[in-house]
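Presented below is the structure to which this report refers.
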Amino acid sequence: MHTSLRLSSALAVLLTSVLVLSGCTLSADESSTEGMCKNTDLALSELATLTDPRSYDGPSTACLASQTVTPVASEAASTLPVTVTDNQGTEVTVTDTSRILALDIYGSLAATVYGLGLGENLVGRDTSTGFAEAADLPLVTQNGHELNAEAILELDPSVIITDTSIGPWDVVLQMREIGIPVVIVTPERSLENSRDIITDVAAALGVPAQGEELADRVEADLAEVESQIAAITPADATDRVRIMFFYVRGGAGVYYLFGEGTGVDSLITSLGGIDVATEIGWQGMRPMTAEAIVAAEPDLLLMMTKGLESVGGIDGLLESIPAIAQTPAGEHRRIVDMSDYEILSFGPRSADVVEALARAIYAPEQSGFE
């Protein structure tokens, strides 16, 4: 059964505010380009995994085996015009998909468009869109995740696919007022609703058959990864890794723990771990307290790479937040980091993200970059 990886609408807005205020750009230009990933020729089930993942000492980095998105069709042809009712109940008619903008805080909508076979029609990107094929597209965001109306208009889009996770909202309304079809999808990202998002985007772009094919592929890939993870996690729940997701921007003094209802809780569960934030009753995405992190007793912290760098790496993290040093994760220096624009980029790459994190947790010496 697929576990839910959900960010609610309210949490999406909160995350947007934190990212902008903290100067986080989640930029594709800051992607992990340190080299090739280790052991990409081996399946997760073929790696020499840890017999006791809770006792391992040292950090590791999750590395996507591929920076690309594979489309289900090389040249999808849209059947137009098409009229859809979007997530806000607005009826939108799309007559032209030759110049598409797909924008959200996760970078998943552009990846979805590319996965549908309409990648050649993308004319710009947001700062979170980090897959390789989109790297040369012009940015339409500034100061992190702020939409730039002038940059959007310069690209003359024929349709915009977006959600409420990115703004300012006045810019979105301005695009609609001048006659550009704007289709709003749900800001929630989950494995349970990934099919709905994919098929909604596909319907709006006139490629419903490709939408069903892509959704089928995403579900099948994820099921296979989850099966491999289940085979390498300790059978006894007390032996499973106690994991917490820690969002940091040291320069801005931003230290957040992600708890129940953020989507990260179910990500941890899908990795075969114990979500200790939920275990201590930590609701949503809230500023860290020393008491909370000590009480949680995590064995491992999941972090964004730039976030870890912003506090001077593990040494800086333990120095700036002494409470972490009092946890098993701190004592064992057990931090798993992953590129900022990848770790929450659910969608067509969900299975790849989950697999990369599982490799870093259960086979740390065989994961990361060459």
Side-chain angles (χ1 to χ4, degrees), residues 15 18-19 21-24 32 34 50-63 233-234 237-260 262 264-265 267-269 271-340 343-344 356-365 367-369:
L15 179 57
V18 170
L19 292 173
L21 290 173
S22 63
C24 173
S32 299
E34 301 173 37
L50 300 172
T51 56
D52 182 10
R54 296 187 63 183
S55 64
Y56 181 81
D57 288 294
S60 52
T61 296
C63 171
T233 54
T238 61
D239 294 328
R240 297 192 175 188
V241 184
R242 298 172 58 79
I243 302 174
M244 177 174 282
F245 189 98
F246 193 27
Y247 176 83
V248 175
R249 277 302 181 271
V254 174
Y255 304 93
Y256 273 67
L257 297 178
F258 284 26
E260 185 176 4
T262 62
V264 171
D265 48 350
L267 171 60
I268 291 170
T269 301
L271 291 166
I274 297 173
D275 173 40
V276 293
T278 296
E279 186 179 71
I280 66 170
W282 196 263
Q283 298 286 327
M285 172 181 163
R286 294 160 46 198
M288 181 214 78
T289 67
E291 294 79 7
I293 201 162
V294 171
E297 297 184 319
D299 297 314
L300 181 151
L301 296 180
L302 291 181
M303 296 185 67
M304 293 179 175
T305 301
K306 293 296 179 182
L308 184 58
E309 291 176 357
S310 75
V311 290
I314 295 178
D315 289 336
L317 178 68
L318 298 178
E319 181 179 349
S320 59
I321 310 174
I324 292 179
Q326 300 176 42
T327 69
E331 293 172 3
H332 291 283
R333 300 172 66 84
R334 191 73 164 102
I335 312 295
V336 170
D337 70 286
M338 189 172 191
S339 171
D340 299 39
I343 194 168
L344 296 179
L357 287 168
R359 286 171 177 259
I361 293 170
Y362 298 107
E365 295 181 8
S367 67
F369 299 95

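For the numbers below, each heavy atom of this structure counts, side chains included, while hydrogens, waters and symmetry mates do not. Predicted model only: the values in this text are computed from it and were never measured.
Of the candidates D337, I314, L308, I314 is the only one forming a side chain to side chain contact (heavy atoms under 4.5 Å, CB included) with P59. Applying side chain to side chain contact (heavy atoms under 4.5 Å, CB included) to F245 and the options D265, L301, I343 leaves one that passes, I343. With respect to I268, the side chain to side chain contact (heavy atoms under 4.5 Å, CB included) criterion is satisfied by exactly one of L357, I243, I274, T278: I243.
Rounding to the nearest 0.5 angstrom, the gap separating the CG atom in L257 from the CE atom in M285 is 10.5 Å. If you take OH on Y256 and CZ on F246, they are separated by 11.5 Å, rounding to the nearest 0.5 Å. With rounding to the nearest 0.5 angstrom, the CD atom of E297 is 11.0 Å from the CD atom of Q326. Here the straight-line distance linking atom CZ of R286 with atom CZ of F258 works out to 13.0 Å at 0.5 Å rounding. Note that the CZ atom of R240 and the CG atom of D275 stand 13.5 Å from one another [nearest 0.5 Å].
No donor-acceptor pair under 3.5 Å is formed between the side chain of Y56 and the backbone N or O of A363. Not one N or O on the side chain of R242 forms a donor-acceptor pair closer than 3.5 Å with the backbone of R54. Judged purely by atom type and a 3.5 angstrom limit, D57 has no side-chain atom pairing as donor or acceptor with the backbone of R333.
Residues L271 and A358 approach most closely at CD2-N, 3.7 Å, considering heavy atoms. In terms of heavy atoms, P53 sits closest to V241 at CB-CG2, 3.5 Å. Here the shortest heavy-atom pairing between S367 and S60 reads OG-CB, 4.3 Å. For P364 against Y362, the heavy-atom pair with the smallest separation is CD-C, 3.4 Å. Closest non-hydrogen pair, I293 versus M244, comes out as CG1-SD, 4.0 Å. In this structure, I361 and L50 approach most closely via the heavy-atom pair O-CD1, 3.7 Å.
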Q.
Let's go through V276 and I280 carefully: what are the C-alpha distance in whole Å and the side-chain angles of both, what is the deciding distance for side-chain contact (heavy atoms from CB on, under 4.5 Å) to 0.1 Å, and is it a yes or a no?
A. CA-CA 6 Å; V276 293; I280 66 170; 5.6 Å; no
Q | Chi angles and distances behind the side-chain contact (heavy atoms from CB on, under 4.5 Å) call for R334, D299 | A | CA-CA 7 Å; R334 191 73 164 102; D299 297 314; 5.8 Å; no
Q) So V248 and M288, side-chain contact (heavy atoms from CB on, under 4.5 Å) or not? Walk me through it. A) CA-CA 10 Å; V248 175; M288 181 214 78; over 6 Å; no
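Heavy-atom contacts from other residues, nucleotides or ligands closer than 6.0 Å to CD of E365 number 12 or fewer. Sparse packing is recorded around CD of E319, with 12 or fewer heavy atoms of other residues, nucleotides or ligands lying under 6.0 Å away.
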